[in-house]
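All ligand and atom numbering here is 1-based and tracks the order in the structure. Predicted model, so just to flag it, every value in this text is computed and none were measured.
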Amino acid sequence: MKRVLITGAAGFLGSHLCDRFIKEGCYVIAMDNLITGRMENIEHLIGNENFHFVHHDVSNFVHVGGDLDYILHFASPASPIDYLKIPIQTLKVGSLGTHNLLGLAKAKEARMLIASTSEVYGDPTVHPQPEDYWGNVNPIGPRGVYDEAKRFQEAITMAYHRYHNVETRIIRIFNTYGPRMRLNDGRVLPAFIGQALRGEDLTVFGDGSQTRSFCYVDDLVEGIYKLLLSDYSYPVNIGNPDEITISQFAEEIIKLTATTQKVIYKDLPVDDPTQRQPNIDKAREILNWEPKVTRAEGLKITYDYFKSLSEEELYKKDHNSFKQYIK
Ligand code: UDP
């Protein structure tokens, strides 16, 4: 039985990974400090004999007893609103956290996969973005705390691979959506669906001509699983190349939710990338992977999830545990 450590396990992606690895017959050690993660996402696994939850911040020394086969590092605030609120923690988990986990991987002779991001490309001048594009990132802007932590994360991961022979895998994740996203995390999809459900207007930032390409979470998890089991140690983009402007996306959500609300325009956040679309040739070639779920299918499942949440969730302004971390 493979023993897997998943960090950020109570988050959106981490919790879906826990489900997948349990389904694959692994023993899962799930770690989270619960700043942005939520126990609700994994409570169905509590009591499973192959699942063990550890409340811990991986920016501090990480101890795990026994053997480990795989480490998947998914702990990090991951929405612009989150990392603006907790910038130092964002920098620490991508740098110190990754360092601690690479040390653990080395000690346990485990294979480690890190969650990197399309944000390493910044506001890209090459479109769509292939893995060999080095990016256009503002290191001192508000997004710099995330982008540069993730770039450092890739650098230290390659260093451990080259210098210590640790088996490493790097995934660059593009915009992903699905059930268990936080309704109030500020990302565009929960923002629009939450607004529609509350009977508010949909807030498009800027003129809405910026583009994103949205991948359904099950497709992403399949890509992660395939990359982990592959022997490829350079970064691989995983995302859905189906690109759309944010204005068009707002129209799709209006149609999906049958809301009578309209679109209103707000200021574009600083350094908001103007376009984003993954080039997934590498994933196709090396992993024989490509996304299967269309946006129409994925949005319907995700909307059904958000509809099932309580009134209290729908109107919650912030994530409670933030407060103790904001100085
Ligand atoms: N956005 C928007 N309205 C919102 C939230 C986000 O128009 O209420 C825009 C945001 O400016 C960006 C895009 O939607 O251009 C995607 O934002 P998100 O925060 O989901 O992720 P990003 O891809 O920017 O990291």
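- In terms of modelled atom types and a separation under 3.5 Å, the side chain of Asp201 and the main chain of Lys262 share a donor-acceptor contact.
- Residues Arg276 and Glu119 are paired through a salt bridge, judged by an N-O separation under 4.0 Å between the basic side chain and the carboxylate.
- For atom 5 (C) of ligand 1, the nearest non-hydrogen atom of the protein is Phe205 CE1, 3.4 Å.
- For atom 4 (C) of ligand 1, the nearest non-hydrogen atom from the set Thr203, Asp82, Leu202, Ile81 belongs to Thr203.
- By the 4.0 Å heavy-atom criterion, Phe192 is counted among the residues contacting ligand 1.
- No salt bridge links Lys85 with Asp82; every basic N to acidic carboxylate O contact stays at or beyond 4.0 Å.
- A side-chain donor from one of Gln195 and Thr203 sits under 3.5 Å from a side-chain acceptor of the other.
- Listed by number with element, the atoms of ligand 1 under 4.0 angstrom from any heavy atom of Pro269 are 11 (O).
- When each of Gln129, His127, Arg172 is paired with Tyr121, the side chain to side chain donor-acceptor pair (under 3.5 Å) condition holds for Arg172 and for no other.
- For atom 21 (O) of ligand 1, the closest non-hydrogen atom on the protein side is Asn175 ND2, 3.7 Å.
- Of all atoms in ligand 1, numbered sequentially from 1 with element shown, those under 4.0 Å from a heavy atom of Ala191 are 8 (O).
- Interface atoms of ligand 1 facing Arg187, defined by a heavy-atom separation under 4.0 Å, are 19 (O), 20 (O).
- Electrostatic pairing of Arg212 and Asp272 counts as a salt bridge here, judged by a charged N lying under 4.0 Å from a carboxylate O.
- Salt-bridge annotation for Arg20 and Glu222: present, with a side-chain N of the basic residue lying under 4.0 Å from a carboxylate O of the acidic one.
- At a 4.0 Å heavy-atom cut-off, ligand 1 does not touch Ala250 at all.
- Here the heavy atom of the protein found nearest to atom 10 (C) of ligand 1 is Asp272 OD2, 3.3 Å.
- The closest approach between any non-hydrogen atom of Glu119 and ligand 1 is below 4.0 Å.
- In this structure, the side chain of Lys106 does not engage the main chain of Tyr160 through any donor-acceptor pair within 3.5 Å.
- Summary of contacts: the protein heavy atom closest to atom 18 (P) of ligand 1 is Val188 N, 3.8 Å.
- For the pair Asp69 and Arg3, the salt-bridge criterion is not met [side-chain N within less than 4.0 Å of a carboxylate O].
- With ring centers used as reference points, Tyr225 lies under 6.0 Å from Phe21.
- Contacts with ligand 1 closer than 4.0 Å are made by side-chain heavy atoms of Arg143 only, the backbone lying farther away.
- The pair Arg151-Glu148 meets the salt-bridge criterion, with a side-chain N (NZ, NE, NH1 or NH2) lying under 4.0 Å from an Asp/Glu carboxylate O.
- Atoms of ligand 1 found under 4.0 Å from any heavy atom of Val204, numbered from 1 in the order shown, are 7 (O).
- Not close to ligand 1: Ser79, with no non-hydrogen atom less than 4.0 angstrom away.
- Under 4.0 angstrom from ligand 1, the non-hydrogen atoms of Gln210 all belong to its side chain.
- Protein heavy atom closest to atom 13 (C) of ligand 1, with residue, atom name and distance, is Ile246 CD1, 3.6 Å.
- Where the criterion is an N or O separation shorter than 3.5 Å, residue side chain and backbone included, Arg276 meets it with respect to ligand 1.
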